[in-house]
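Reminder, nothing fancy here: chain letters follow the sequence lines and each chain counts from 1.
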Amino acid sequence: MSVALFGILLGVFFTLAVYTFLYKENPYSRFAEYVFIGAATGYGIAYDLDWLKGQWVGVWSKTIGDSIAFVLALLLSVLWYFRFSKKYFFLYRIPLAITVGTSIGLALRGVVFAQVLEQVRATAALKVVGVDAWTAFNNFVTMLIVVCTLAYFTFTLKQEAAFWKPVNKFARYAMMIGFGAAYGYTVLTRMAVFIGRVQFLLGIPPNPVEAKMFFPWVALILLGTLLGYDYYKKTKK
Amino acid sequence: MATSRVWEKLEALDARIIYLILWIVILLPFIYPIGLPVSIGPQALAYAKAIDELPAGSIVVVSFDFSFGGLGELYPIAVATLHHLFTRPVKVVIIAIWVDGPPIADMVLKELKPEQPPYNKKYGVDWIFLGYTPGGETAMAALGKDFWSTLPTDYYYKKSVSEYPIMQGLRSAKDVALLVSFETGTPGADEWVRQWYVPYKVPMIVGCIGVMAPTIAPYLAGGQIKGALPGLRAAAEYELIIGRKGLGVASADVLSTSHIVFVLFVIIGNIAYFMRRRSK
Amino acid sequence: MAWFRRVEIPIAITIIFALIQVIPYFVEMGTAVEAIQDKIVRWSLVVGTGALLVGLASLLLIHVPRVTRRRTYWGYSLVLIIVMFLMAILGLPFPELGLGLTGYWFKFLYDNVLVPLSSSLYGILAFYITSAAYRAFKARSLEAALLLISGTILVLRNAPLGTFLIPQIADLGDWLYNIPNMAINRAIMIGGGLGAMVLGIRVLLGYERGYLRGGE
Amino acid sequence: MDITPLLLQQIFKSGRVSGMVFLLIVAVSAAYFIRRGKAGKIPYLRKVPGLDAIDEAVGRATEMGRPVFCSHGIASIADATYGPQTIAGLAVLGYVAQLCAKYGVRLIVPVRQLVVYPIAREIVENAYRMEGKMDQFRVEDIVYLSGWQFGYSLGYMSLMQREKAGANIMVGGYWAESLQLSEVGYMVGAMQVSGTANIHQIPFFVVATDYTLIGEEIFAAGAYLSKDAAMIGSIVSQDIGKYISIALIIVSFILLLFGNDFIVKMLRW
């Protein structure tokens, strides 16, 4: 068997090994789980090292000042490891502080516009006059839902006035209808991922066509051993 | 009494029966295709329009921001989008913010082969593949400011980007005519809008997994995102628009059977629930 | 406590690095400042790469003792450790030695082990979502019923058969997506944005220490 | 109308003035209310309805003689965007632990993040100490399951089945495991209270659990339970941000009826 063919066999095996979990937890699915965790971590390390090398060659090795800064960054990044030390735990906080500080600073300046003001502006710009009736209705509903939902999520007012009850009810109903959309699209994604795997097993291009050859045999062996073992245990009892 | 037992049993149906039925309805349409028509929605049209309207010579940045888990939906979207871009006279720069991005992009490029007909795009002149940058949102901000020092070498040949003609016209996000991002989650649309749309007003289109669709709706309505392909259904629609049938269209039938069976399960579950309560 | 162990030091560092990004964004300070700001962003990316070490170390901390003490499933833990190092070593950036991300064996493992495993593991959710829908998605209350109905409409909208049999379902589904869904997500986005802003402010004021907890 | 940006563009960047002003308002109010809170003047905070459901759930588990499960999501506490959800979840854990110690019911805490483990243990230990029930505190019931998402989820599910959970309280950042956990919790007959700010997971919690804290309600609940001045002060300033947003939208809506788009333009300064 060629190496490429063996690779496809591996792919079919690991795909089906995962799905044996649907029958029940078993050595195949456990093996697949552990291989996955190991491979994913090793893969991430390889990518980071590659990126680091690119940074060194491409940017930081050009001047002495930059080289020193790069080495300093590397030394700081080793401090992450001290998270596991009881005695030197505090060292781990330094790289953490640098990365958290920078990312919070970046997020802070962007959030104000993208998530708050741009969204407030888009809602404030909704017109009900000078547009057709359907648009006006939609704009009004949108505005109402945004305002009521925002009000629903305020926590520091005593909500004693009579209008709070309908506002909160309306917001909750609107949210449930909105969450329905999230539900529907989640179903789509979950199905789509599995459909992708079935396409692989059936060798539908651009997946390698040879997978089709292995699929029934591997499925038979995995299911056969699992069911067979259970049957054997049952009869033994 | 007896009927209530039946409903109770139906409600407590062994999950493995449900699993088996799902396997069957997803396998069968591949063997016996139905070929139902797919109606095209406004979102896919807006997405395609954003690419069609690009002026000749403009630079498009395509970012692979997803994990392998998203392949089912995003692979067909990525193939179709890059096909569309390679058929237009624009320059394509491919990057990745997620670590899984580069090998996936590589798979897509291997399928399309942009150097060959019908595209005949020259590497380094018409398109380039720069690889992965760690750091999420921080990386997006850095790229926006300065491409050359954030991604100093390309992915395939590890040569300095300054040697490639295509990169002469791309120093920062200001030079980018369109950002295309394929996403499974965070970092994704929120972060791109914060770091590229807000400061540089870079127009953006998004192909995302269905799960993300509801959360990008405000950006679509607010105009920060020009068009989106949310999930596999939209992928099929887009493939029909650009006239290149791929995995999206191939999945249309299965999408129908799996979704309809899902709805049937919900209906049966509800009937069993209410009948059991009534017979009590 | 020795002065260098004090928690004020990382807090001060966090504040400084956050301010470097925030102030020149709003206030005109010239291109020289912006160049430094930009350089610090890239520098912090290099500092951040070490975080993966933590992932590696925590896996080793869990699995090495399992192997050495022959605990349950120690064989699986051994496989995990071997695969992890194999993948990392094959991917080392030395193309001269046939290693690296574009190297043959790294790609072999990626294509035939990592991709099938990862996407199959996510694919399992298709089954869970269906069995859970059967069991749990019941119209127990008015709120649950609203969610159920709007969710079912969206599911039908995404199925080509749904839009084929009932063409109106496409418009209805799109309306649900574009109006109620968009509006609540916008409100939640504004709320979330405010939350993120205030979190940032708490950090700048030195009140936020949650991320520094643990250890002693 | 466009004079202000002209005057300011020497110092401030055009198009960013509105954002800076908004940020400053929220920042100043946050600083003010946090300081006031630290000085002992804690502002009023509405009690979120879900908190009563937590009492009920723990009570029911006690009656049934079954253990209470309480988890705080799968996000790291050090995460810049999702960390706060874990912090809110841990505040709820402190409250649940106190109830469990008081009623003498067993509490099981499944943990996914190594960083969070010592914090969770400390919180539960403190609660038992405060109730004077240190003899009932079982450190082995704070369980680290797995750093990997589905490994954690699998472990959590089998633990609930094995120990026959009487209540399952999940408040924090949850992703795809939300559905698996609440489904299994429902199957074993636990009363479930859930809460997350991850919008895409809320539907599954809403249908599968008995009570759900939606979105920001978890932060309010966390602040309410922990009585932490910084957290409550932050909620006051976020509310101020929301009042401003609501006011801008409504005033602009009225102005637009008369064809005046001042506010829409102002937000672009």
Side-chain angles (χ1 to χ4, degrees), chain B residues 11 13 15 18-19 22 36-39 41-43 67-72 100 102-103 106-107 133-135 138-139 141-142 145-146 149-150 155-156 158 199 210 213-215 217-218 220-222 231-233 236 252-253 255-263 265-266 268-270 273-274, chain C residues 21 25 34 37-39 41-42 44-45 48-49 52 93 95 100-102 107 110-111 114-119 121-123 126-131 133-140 148 151-152 155-164 167 170 174 177-178 181-186 188-189:
Chain B
E11 248 200 306
L13 189 70
I18 297 172
Y19 300 157
L22 197 61
L36 286 170
V38 181
S39 61
Q43 291 188 29
S67 62
F68 322 107
L71 276 175
D100 301 352
D106 190 46
M107 278 162 68
T133 322
T138 313
K145 280 241 163 150
D146 186 349
S149 37
T150 314
Y155 180 79
Y156 285 134
K158 303 280 172 221
T215 46
L220 278 168
L232 195 52
R233 157 91 197 216
D253 284 344
L255 221 47
S256 292
T257 53
S258 59
H259 277 57
I260 299 293
V261 158
F262 181 90
V263 172
F265 274 130
V266 171
I268 297 170
N270 271 282
Y273 171 70
F274 281 105
Chain C
Q21 296 310 321
Y25 189 76
E34 280 178 22
Q37 190 191 16
D38 171 37
K39 191 133 211 176
V41 171
R42 276 182 290 112
S44 80
L45 286 176
T49 49
L52 256 187
L101 307 182
T102 45
K107 285 204 62 68
Y110 167 81
D111 286 337
L114 203 50
V115 172
L117 275 175
S118 172
S119 31
L121 281 162
Y122 278 96
F127 297 94
Y128 288 148
I129 207 173
T130 313
S131 63
Y134 183 75
R135 266 186 239 277
F137 288 134
K138 309 262 164 78
R140 282 175 234 271
L148 197 71
T152 308
V155 172
L156 287 172
R157 193 254 171 272
N158 281 329
L161 185 62
T163 49
F164 176 72
D174 288 349
Y177 176 81
N178 286 323
N181 165 65
M182 188 281 284
I184 66 144
N185 272 295
R186 180 173 276 170
I188 291 172
M189 191 183 269

Which portion of [X] sits near chain B, non-hydrogen atoms under 4.5 angstrom:
X         : answer
Phe127(C) : both
Leu101(C) : both
Tyr177(C) : both
Asn158(C) : both
Gln37(C)  : side chain
Ile129(C) : both
Lys39(C)  : neither

If I measure from the heavy atoms of chain C, does [X] come under 4.5 Å with its side chain, its backbone, both, or neither?
X         : value
Leu220(B) : side chain
Ala213(B) : both
Ser149(B) : both
Pro102(B) : neither
Asp100(B) : backbone
Leu255(B) : both

*asked:* Is the shortest side-chain heavy-atom distance between Val266(B) and Asn270(B) below 4.5 Å?
replied: yes
*Are Leu22(B) and Phe262(B) side-chain neighbours, meaning at least one heavy-atom pair lies under 4.5 Å?*
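Side chain of Leu22(B) against side chain of Phe262(B), heavy atoms only: no contact under 4.5 Å found.
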*Residues two or more places apart in sequence or in another chain: which of them pass side chain to side chain donor-acceptor pair (under 3.5 Å) with Glu11(B)?*
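Glu11(B) satisfies side chain to side chain donor-acceptor pair (under 3.5 Å) with Arg276(B), Lys138(C) only.
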*Which residues satisfy the side chain to side chain donor-acceptor pair (under 3.5 Å) test with Asn178(C), sequence neighbours excluded?*
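Side chain to side chain donor-acceptor pair (under 3.5 Å) list for Asn178(C), sorted by chain: empty.
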*Identify which of Pro103(B), Gly210(B), Ala15(B), Gly135(B) forms the greatest number of heavy-atom pairs closer than 4.5 Å to chain C.*
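Highest number of pairs under 4.5 Å: Pro103(B).
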*Exam field: side chain Ser119(C) to backbone Val115(C), donor-acceptor pair closer than 3.5 Å*: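 Yes: the side chain of Ser119(C) pairs with the backbone of Val115(C).
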*Take the angle between the ring planes of Phe68(B) and Tyr110(C) and call it parallel below 30°, perpendicular above 60°, tilted in between.*
tilted
